[in-house]
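So the structure is just underneath, and the comments pick up after that.
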Amino acid sequence: MDPDIRYVDVDGLRLRTSARGTGSPLLVLTGIGASLELSVPFEHALNPHGVQTLALDAPGTGESSRYRWPRRMPGLARTVERTLQVLGYDRVDVLGVSFGGVLAQQLAHQAPKRVRRLVLAATAAGVPFLGGVPGSPRALLALATPRRYQSPDYYRRIAGALYGGEARRDPDSLLHGSIARFSEAPSLVGYLEQLYAISFWTGLPWLWHLRQPTLVLAGDDDPIVPVANGKILTRVIPHARLEIIRGGGHLFLLERPAEIAALVADFLKHEESDDPVIAGS
């Protein structure tokens with residue numbers, strides 16, 4: 001199914017967005033440097049479950065323009081909320097992966113009336129030592145630049161140590177036959193601005209206030225975000241439950257899209273009447 005691609009003007013930016021399928025809307029927020037194409041295999045697996053998936057290129061990635069001045073995570077979350085408003089969505093479920101999981105937490109905190117349910121995948125309650133448990137030093141060093149998006153050879157050399165899971169055996173399997181990872185590579189400046197946005201971030205002071213039902217997904221072979229981070233999130237978010245993906249690396253949504261899509265769809269199917277009442281909603 002071809003996506004509905006729209007370019008919207010928000011906060012002085014030109015942002016590329018996509019919508020796939022029909023049904024209950026789910027906003028998918030991808031990892032640092034990733035364009036909206038990278039979540040397509042997972043979205044294709046989720047759409048038959050009656051879920052409409054929404055995605056966007058974050059400022060400075062894919063085909064979206066950059067901020068005039070870099071913003072921290074609260075500013076990025078405000079842009080995402082305003083994008084939803086421009087697109088005509090009053091309330092959505094939100095799934096965030098890695099960097100996108102941090103953004104999803106921030107959005108749920110700042111705009112609780114916009115977020116019905118929350119899925120946090122391969123992410124943490126804060127950067128290392130500010131709520132997060134650090135991953136492998138080698139993996140964290142590789143995250144310092146966008147080179148893995150720019151060079152297929154470099155990606156194949158470091159994918160196993162960086163992403164774990166299936167990438168240790170077959171890095172190309174995570175590409176699903178697409179060159180989008182490399183054709184939509186982020187600019188160096190855009191990538192550095194995302195690093196700036198997440199630097200020193202922590203949700204620990206307010207995560208215990210979140211009232212959205214939350215599904216936390218963590219791979220037990222994730223060199224970037226160890227599974228301990230999923231356990232911390234589940235302890236501090238009141239209505240959260242944890243699912244550990246056995247053998248899953250950092251990109252388990254791309255390793256086993258059908259399996260994870262079924263898990264997420266089952267979580268999202270609960271009736272809204274079962275959800276806690278959010279003050280002001």
Side-chain angles (χ1 to χ4, degrees), residues 10-13 15 27-36 38 56-62 64-83 94-111 118 120-150 158 161-163 185-210 216 218 222-230 232-233 236-237 250-251:
V10 178
D11 287 351
L13 301 165
L15 299 177
L27 175 64
V28 178
L29 300 172
T30 54
I32 189 167
S35 69
L36 57 81
L38 268 67
L56 74 156
D57 287 336
T61 65
S64 290
S65 61
R66 292 169 34 225
Y67 289 115
R68 183 175 180 184
W69 301 104
R71 297 190 183 185
R72 295 288 194 180
M73 200 58 67
L76 190 51
R78 280 193 294 274
T79 295
V80 172
E81 182 189 6
R82 289 166 183 163
T83 300
V94 180
L95 181 151
V97 183
S98 195
F99 176 95
V102 168
L103 181 54
Q105 293 172 64
Q106 190 72 47
L107 180 64
H109 169 59
Q110 290 179 202
L118 197 56
L120 303 176
T123 194
V127 297
F129 309 113
L130 289 175
V133 176
S136 153
R138 182 181 177 190
L140 297 180
L141 183 63
L143 292 177
T145 79
R147 187 181 174 193
R148 65 194 184 279
Y149 290 111
Q150 299 164 341
I158 60 97
L162 177 60
Y163 297 125
S187 68
L188 177 60
V189 175
Y191 190 86
L192 292 177
E193 288 179 350
Q194 285 192 298
L195 287 177
Y196 171 79
I198 200 173
S199 61
F200 302 106
W201 181 87
T202 181
L204 284 183
W206 44 259
L207 280 173
W208 62 279
H209 282 296
L210 293 188
V216 178
D222 184 345
I224 299 174
V225 184
V227 72
N229 289 286
I232 292 170
L233 281 168
V236 298
I237 298 176
H250 190 65
L251 300 180

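Because the structure is predicted, anything quoted here is derived from the model rather than measured. Every heavy atom of this structure was used, including side-chain atoms; hydrogens, water molecules and symmetry mates were not.
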Cut-off 3.5 Å, no hydrogens considered: what does the side-chain donor-acceptor table look like for residues 124-146, sequence neighbours left out?
from   : atom 1 : to     : atom 2 : distance (Å)
Ser136 : OG     : Arg138 : N      : 3.2
Ser136 : OG     : Ala139 : N      : 3.3
Thr145 : OG1    : Arg147 : N      : 3.3

Practice prompt. Using the salt bridge (charged side-chain N to carboxylate O under 4.0 Å, His left out) rule, collect all pairs that involve residues 193-208, keeping only residues at least two apart or in two chains.
Written response: Arg66-Glu193
Item to complete: Taking salt bridge (Lys or Arg N to Asp or Glu O under 4.0 Å) as the test, write out the residues that go with Arg71, two or more places apart.
Response: Asp11
Discussion item. Please check: side-chain N/O of Gln194 versus main-chain N/O of Gly33, any donor-acceptor pairing under 3.5 Å?
Written reply: yes
Fill in: Results of side chain to side chain contact (heavy atoms under 4.5 Å, CB included) for Val97 - residues two or more places apart only
Leu95, Ala121, Leu253
Discussion item. Determine whether a donor-acceptor pair (N or O, by modelled atom type, separation under 3.5 Å) exists between the side chain of Arg72 and the backbone of Tyr196.
Written reply: yes
Discussion item. For Met73 and Phe200: C-alpha separation, side-chain torsions, deciding distance, then whether side chain to side chain contact (heavy atoms under 4.5 Å, CB included) applies.
Written reply: CA-CA 10 Å; Met73 200 58 67; Phe200 302 106; over 6 Å; no
Fill in: Listed partners of Asp57 passing salt bridge (Lys or Arg N to Asp or Glu O under 4.0 Å), at least two apart
Arg16
Worksheet entry | Thr61 vs Thr30 side-chain heavy atoms within contact, under 4.5 Å | no
Discussion item. With a 3.5 Å distance limit and no angle check, can you tell me whether Gln106 reaches the backbone of Val102 through a side-chain donor-acceptor pair?
Written reply: no
Practice prompt. Using atom types as modelled and distance alone, determine if a side-chain donor or acceptor of Gln110 lies under 3.5 Å from a backbone N or O of Pro74.
Written response: yes
Response to the item:
Those residues at least two apart in sequence (or on a different chain) that pass salt bridge (Lys or Arg N to Asp or Glu O under 4.0 Å) with Arg148 are none
Discussion item. Among Val216, Leu233, Leu29, Val225, exactly one meets side chain to side chain contact (heavy atoms under 4.5 Å, CB included) together with Thr123. Which residue is that?
Written reply: Leu233
Worksheet item: To the nearest 0.5 Å, what is the distance between OH (Tyr149) and CG (Leu38)?
Response: 6.0 Å
Worksheet entry | Close side-chain approach of His250 to Leu162, heavy-atom, < 4.5 Å | no
